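Structure first, then comments.
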Amino acid sequence: MLGSSEITDEIWDDIEAILIQADLGVNTTLTLIDDLRSQGITKQEELQVALRGSLQSLLQFPPPLDVSGRELSIILVVGVNGSGKTTSIGKLAHRLMLGRRKVMLAAADTFRAAAIDQLKLWGERVGAPVIANKPNSDPAAVVYDATAAAKARGYEILIVDTAGRLHTNYNLMEELAKIRQVSGKVVPGAPHEVLLVLDGTTGQNALQQAKKFKEMIDVTGVIVTKLDGTPKGGMVFSVFNDLQLPVHYVGLGEGMDDMVLFNPEIFVKSLFD
Amino acid sequence: TLSQRLQDTFDALGRGGKVNENDVKNAMRQVRMALLEADVALPVVKDFVGRVSERAVGAEVHKALRPGQQIVKIVHEELAATLGEPGRLNFSGSTKPHVIMLVGLQGSGKTTTAGKLSLYLRREGRQPFLVAADTYRPAAVDQLVTIAKQINVPYHEQGTDKSPVEIAVNGVKAAKEAGAAVCVVDTAGRLQIDETLMDELKRIKEKVNPAEILLVADAMTGQEAVNIATGFNDAVGITGLILTKIDGDARGGAAISMRIVTDVPIKFLGTSEKMDGFEIFHPDRLTDRILG
Ligand SMILES: Nc1nc2c(ncn2[C@@H]2O[C@H](COP(=O)(O)OP(=O)(O)OP(=O)(O)O)[C@@H](O)[C@H]2O)c(=O)[nH]1
Ligand SMILES: Nc1nc2c(ncn2[C@@H]2O[C@H](COP(=O)(O)OP(=O)(O)OP(=O)(O)O)[C@@H](O)[C@H]2O)c(=O)[nH]1
Ligand SMILES: [Mg+2]
Ligand SMILES: [Mg+2]
């Protein structure tokens, strides 16, 4: 879309359209464009470079997950219904195990139909043991049991799957806070990571989800899923900037290898594909 | 809210200040921003604001006593008109069972909705039957079977070794033998750009000749709503939309986008994870929340 001639209003409109349709949101888009306009750029290719530079400067490579240097690290995985938590746990376990870590899974979604079966199948797929109780049992109790099992059997990382829940449901958010609390009782300092799984097809509500989850259970990082589809995942900009939540991984499919480390350069480049 | 914004915009013009056509243009900018923040897709917003603007000019809103309120009223009416009439299920034709296929992206709520829809159908006096045609997602068949048992609805499943097409065909046969009135086929979530899986949907459609193909979409879907709806519509032709997770606080602009690009009615809303979290769509349910 950008050639080597002067910058017209139409060019600015095109840029605005690309960013808005990438789900960056109106505010982020307008702020970015105002900032670019004030830079007094005259050539289109310079604008191309400046635009990508601005976008990239809004993101960062993630730090490594805080899952080393202790006997047992606990990762709590949370998010709204259907965002891809259980699948992402399978992928994450696989990644960590490829790195020679001993990973155990806890099936703390005791509510949804076949949620425990689903995680167990993932456990089998990647070779990680799954600790589960009966459906409809207390999720906090599963965390308790899983932590004891992990310690007893020398597992160094425990990933806890939780039921999907809308951030607008106060009771369910309270339940999650309790699950978080229980993990801290059995392992001081736990959970060491609370990863919010955001569906990449989500629009502006993603920021609201991130805000509420962070408020209620102190999320430490984000995984964005389903970016193998047509959505661009632009809500990552506001989630990262407004809440300083690192984006650790991006889900690109339904298989255990379909998750990559978040890379700001590649992410920004794909906005323009 | 949009009303507050427009109020502020016009109040800022000062008391007794005459509102001119430029001020109406600014108001349209506010409408545009409000709709984009509500996740209505950009091309749909442009088109929509164009229509509202025409009506505002035509109604000589700049001469109105309360121009802000006038514009909100126009936007409300246009939104309601766009969202359209509550959709009914189409069961014309005597061949039983009538087949309903549920399709959509991964995680949108199809399997859960299959259960809810079955319960709704039974309440309406139409005996439902469920078919577990998702052989890909781990424990998807278990999920549907668990739901079917919970709500006491007969079902057909063949595990994960057979093709979804075969399972769908056998499922409809089983539904017929069971004397069911409606057969709800749950399919695997898929990307609209996945040609192989979209072909699979076409083949299922060919074989079971559905009375309805409902796109189950998440109310929090962002700008891609247009491509998603168009993709499914172009591939298999959808006859209705079900918007799920309306119990969240997503504004739901995706509903407008999908409705406009497919010209297909919104038939139901998913309002909770439970089997009774299911409502017939009514435009009022969405217009207020979209406008914020
Ligand atoms: N294409 C694609 N599909 C994904 C991705 N991640 C997850 N999925 C699919 O999304 C659907 C939902 O995934 P789940 O892992 O069950 O999501 P969840 O958040 O655990 O769902 P609940 O527990 O019901 O809240 C499944 O069909 C997954 O295969 C991804 O990165 N790409
Ligand atoms: N709060 C709420 N949750 C819902 C609603 N509909 C579905 N869910 C939840 O959303 C999640 C995903 O639902 P599924 O029925 O597994 O979605 P799906 O489309 O079948 O997923 P795939 O088969 O993987 O594509 C589950 O946790 C459901 O309980 C709804 O209307 N409101
Ligand atoms: Mg899950
Ligand atoms: Mg399903």
Side-chain angles (χ1 to χ4, degrees), chain A residues 16-27 29-30 80-87 90 111-122 124-125 135 163-169 172 199-206 208-209 212 225-226 228-235 251 253-254, chain B residues 32-43 45-46 105-112 115 136-150 188-194 217-228 231 244-245 247-254 272-273:
Chain A
E16 186 186 80
I18 289 179
L19 299 182
I20 292 213
Q21 293 187 62
D23 283 317
L24 264 78
V26 179
N27 286 337
T29 300
L30 293 184
V80 305
N81 308 72
S83 63
K85 298 175 290 300
T86 307
T87 306
F111 167 73
R112 205 209 68 207
I116 295 172
D117 297 321
Q118 186 186 5
L119 189 70
K120 281 188 172 166
L121 283 171
W122 268 106
E124 276 172 41
R125 238 180 225 189
R165 68 202 66 220
L166 295 180
H167 51 292
T168 46
N169 186 320
L172 291 183
D199 187 326
T201 65
T202 307
Q204 298 312 298
N205 197 245
Q208 198 53 18
Q209 291 174 25
K212 286 294 172 199
T225 61
K226 309 180 196 173
D228 45 318
T230 48
K232 304 292 189 184
M235 51 0 190
E254 303 186 64
Chain B
R32 170 184 155 106
M33 286 204 34
L35 293 175
L36 286 175
E37 287 177 2
D39 285 327
V40 183
L42 183 62
V45 172
K46 286 186 172 164
L105 291 185
Q106 290 88 345
S108 63
K110 298 173 292 299
T111 305
T112 309
Y136 305 113
R137 167 173 154 159
V141 172
D142 298 320
Q143 185 186 4
L144 188 68
V145 169
T146 302
I147 289 174
K149 287 180 177 166
Q150 270 172 14
R190 67 203 64 215
L191 303 176
Q192 81 279 8
I193 51 173
D194 186 329
D218 202 319
M220 59 185 93
T221 308
Q223 291 286 314
E224 279 305 299
V226 166
N227 288 334
I228 294 163
T244 61
K245 307 175 205 170
D247 43 318
D249 57 4
R251 302 275 291 283
S272 87
E273 283 191 77

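Since we're looking at a predicted model, the values are computed, not measured.
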Self-check item: Stepwise side-chain contact (heavy atoms from CB on, under 4.5 Å) check, B/Met33 with A/Leu30
Solution: CA-CA 11 Å; B/Met33 286 204 34; A/Leu30 293 184; 4.1 Å; yes

Quiz item: How long is the gap from NZ on A/Lys120 to CG on B/Asp142, to the nearest 0.5 Å?
Solution: 11.0 Å

Quiz item: Side chain, backbone, both or neither: which part of A/Glu254 has a heavy atom under 4.5 Å from chain B?
Solution: side chain

Practice problem: With the side chain counted from C-beta on, respond yes when B/Met220 and A/Asp199 share a heavy-atom pair under 4.5 Å apart, and no when they do not. | Solution: no

Exercise. Tell me, out of B/Ala225, B/Gly107, B/Ala41, who's got the most heavy-atom pairs with chain A below 4.5 Å.
Key: B/Gly107

Exercise. Name the member of A/Thr201, A/Asn27, A/Thr225 that forms the most heavy-atom pairs with chain B at distances under 4.5 Å.
Key: A/Thr201

Quiz prompt | Region of A/Gln118 in contact with chain B, defined by heavy-atom distances below 4.5 Å | solution = both

Quiz item: Which answer fits B/Asp39, side chain, backbone, both or neither, if we ask what part of it has an atom under 4.5 Å from a heavy atom of chain A?
Solution: side chain

Self-check item: Structural part of B/Leu105 lying under 4.5 Å from a heavy atom of chain A
Solution: side chain

Quiz item: Can you say whether A/Ile116 sits under 4.5 Å from chain B via the side chain, the backbone, both, or neither, judging by heavy atoms?
Solution: neither

Quiz item: How long is the span from the CG atom in A/Asn81 to the NZ atom in B/Lys245, to the nearest 0.5 Å?
Solution: 6.0 Å

Quiz item: Once you round to the nearest 0.5 Å, how far does CD1 of A/Ile18 lie from CG of B/Leu42?
Solution: 11.0 Å

Quiz prompt | Distance in Å, A/Asp117 CG paired with B/Gln143 CD, rounded so as to fall on 0.5 Å steps | solution = 10.0 Å

Quiz prompt | chain A contact via B/Arg137 - which portion, at a heavy-atom distance below 4.5 Å | solution = side chain

Quiz item: Taking the side chain from A/Thr168 and the backbone from B/Asp247, do they hold a donor-acceptor pair closer than 3.5 Å?
Solution: yes

Self-check item: Top of A/Lys226, A/Arg112, A/Met235, A/Lys212 for chain B proximity - count of heavy-atom pairs under 4.5 angstrom
Solution: A/Arg112

Quiz prompt | chain A interface, residue from B/Gln106, B/Gln223, B/Lys46 that has the most non-hydrogen pairs under 4.5 Å | solution = B/Gln223

Exercise. Locate the shortest heavy-atom distance separating A/Ala114 from B/Ala139; write the atom from each residue and the value.
Key: CB-O, 3.7 Å

Quiz prompt | A/Thr230 side chain reached by B/Ile193 side chain, heavy atoms, under 4.5 Å | solution = yes

Exercise. Check each atom of B/Asp249 against the heavy atoms of chain A and say whether the ones under 4.5 Å are side chain, backbone, both or neither.
Key: both

Exercise. Write down the atom of B/Ile147, the atom of A/Ala113, and the distance for their closest heavy-atom approach.
Key: CG1-CB, 4.1 Å

